[in-house]
Protein chains: 2
Amino acid sequence: MPPRSDARQRMLDSGAVLFRERGVTATAFADVLAHSGAPRGSVYHHFPGGKEQFAEEVVAYAGRAMSRRFSRAAEGDDDLHAILDDAVDHWMAIVRDSDFRAGCPVAAGAVEGGAEEGLRAAAGEAFGHWTDRLERLLAGRGVPADRARGVATLVLASLQGAILLARSRRTVEPIEAVRAELHAALDAATRPSDGAGA
Amino acid sequence: MPPRSDARQRMLDSGAVLFRERGVTATAFADVLAHSGAPRGSVYHHFPGGKEQFAEEVVAYAGRAMSRRFSRAAEGDDDLHAILDDAVDHWMAIVRDSDFRAGCPVAAGAVEGGAEEGLRAAAGEAFGHWTDRLERLLAGRGVPADRARGVATLVLASLQGAILLARSRRTVEPIEAVRAELHAALDAATRPSDGAGA
DNA sequence: GTCTATACGAAGATAGAC
DNA sequence: GTCTATCTTCGTATAGAC
């Protein structure tokens, strides 16, 4: 296993940062090299498939990083509300600390991958994994099995949407609003006999 | 007021279609001309500000079109659940009829506008208007005034997120899941004394 | 593994004729 | 208002040296 400070890895990290801010298409290799400090010659050495391969790997890599967060949360003993707050804080920090320039690199892949099959697939797999992990996490903490997937999807979708709204409107209000509504939804979903979901 | 079949208008329509499918940056004027059939000479005649102006106008135009849908819904006498289903069906059709290639052009502007202030602002204004209209619509139909904005934001955000998930995963499952959860959330929000939202 | 140089094409933008 | 031609910039990708 090569060290993390490898040029290849630095390029993936930089790619994620740049995809967050300007999207996939508008990110050139020159930008990635400047941001990562990676040597020019390593572009096609590490990514013989060119930009397409690079974009897919960045999205997949960002997807795995977030999946690990879900896994860690599932292994801990925090309750659903604490876990939700942790996730919301995570995204909030990304959006606010970048002065509303940064969003989710996987979302960028989803938006710009309409014509590029590989990119679209990479985003889809990342989102799929997140949904699966969240579903299990919810099911393990009191959400009825037949509602866990729906709630997981609501949580993921509304957070992704809130990031879009927050970035473009330059306010964290949407993220805070969604946080409050999701807390309510989790309450409702874990309440013994609840008629919701129909 | 010039007729809608004007070349300028056709370019905006085509721009919206193309932004949905491949995003803003990957859409070239050549694509817009080919799709709209507009004369080559009209690009810088109608959009002296070039690509930047064009992108902003497309996003603003798509935003207005959706705003009108909200207005029409508010004027009708459908209940909240019918209105929600109508909106969900609208987006579902766009995603499915394009074989999962198309999403929301305003979302594309939000994702790719991290570095371009004008584009970001256009997306933000569109989302802001949608939120405002939806908030009023909800407040007018039984959602308590102090919860209407939060619920409006949840609806908008989760639908936008569901579109991202559906496109990239090539399944309408996320849209259906969010639909069901939002029906439940609307039920909870319109129930006389409900503790949610805290 | 990394470098420089360069080929090649795409796309935005401008100029000037009609 | 629309056309063609062209300029320029940029970005991907390749070739070949070190």
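In this text the structure is predicted, and so the values were computed from the model without any measurement. A, B, ... follow the sequence lines: proteins, then strands. Residue 1 opens every chain.
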Q: A:His45 side chain N/O closer than 4.0 Å to the phosphate oxygens (OP1, OP2) of C:dC3?
A: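 Answer no for this pair, as no side-chain N or O of A:His45 is under 4.0 Å from OP1 or OP2.
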Q: Which nucleotide in the list C:dC3, D:dT2, D:dT12 gets nearest to the side chain of A:Ala28?
A: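 So the nucleotide nearest the side chain must be D:dT12.
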Q: Step by step, would you call B:Ile83 with B:Arg141 a side chain to side chain contact (heavy atoms under 4.5 Å, CB included)?
A: CA-CA 11 Å; B:Ile83 292 174; B:Arg141 281 162 215 251; 3.6 Å; yes
Q: Should B:Arg179 and B:Asp89 count as an ion pair when the cut-off is N to O under 4.0 Å?
A: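 Here B:Arg179 pairs with B:Asp89 in a salt bridge, since their nearest N and O are under 4.0 Å apart.
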Q: In whole Å, what is the span from the CZ atom of A:Phe29 to the P atom of D:dT9?
A: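 Going from A:Phe29 (CZ) to D:dT9 (P), I get 23 Å.
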Q: Check the distance between C:dA10's P and B:Leu33's CG and give it to me in whole angstrom.
A: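 One finds 16 Å between P of C:dA10 and CG of B:Leu33, rounded.
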Q: What I want to check is whether the side chains of A:His183 and A:Asp85 have a donor and an acceptor closer together than 3.5 Å.
A: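 Note: A:His183 and A:Asp85 side chains meet the donor-acceptor criterion.
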Q: Give the nucleotide from the list D:dT12, C:dT4, C:dA13 with an atom nearest to the side chain of A:Arg40.
A: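 Closest of the options to the side chain of A:Arg40: C:dT4.
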Q: For A:Thr27, which contact category applies under a 4.0 Å heavy-atom criterion: base, sugar-phosphate, or nothing?
A: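 Counting heavy atoms under 4.0 Å across all strands, the contact made by A:Thr27 is with sugar-phosphate only.
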Q: Whole angstroms only, please: what is the CG-P distance between A:Asp31 and D:dG11?
A: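 It is 6 Å, rounded to the nearest whole Å.
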Q: In terms of side-chain heavy atoms of B:Lys51, which of C:dG12, D:dT2, D:dA13 is nearest?
A: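 So the side chain of B:Lys51 is nearest to C:dG12.
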Q: Expressed in angstrom and rounded to an integer, what is the separation of B:Leu18 atom CG from C:dA11 atom C1'?
A: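 After rounding, the reported distance stands at 15 Å.
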Q: How many whole angstroms separate atom OH of A:Tyr44 from atom P of D:dA13?
A: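 The answer, rounded to whole Å, is 3 Å.
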Q: Does the side chain to side chain contact (heavy atoms under 4.5 Å, CB included) test come out yes or no for A:Ser42 and A:Arg8, once each step is laid out?
A: CA-CA 8 Å; A:Ser42 37; A:Arg8 189 179 205 279; over 6 Å; no
Q: Expressed as a whole number of angstroms, how long is the span from B:Phe47:CZ to C:dT14:P?
A: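 Interatomic distance, CZ of B:Phe47 to P of C:dT14: 16 Å.
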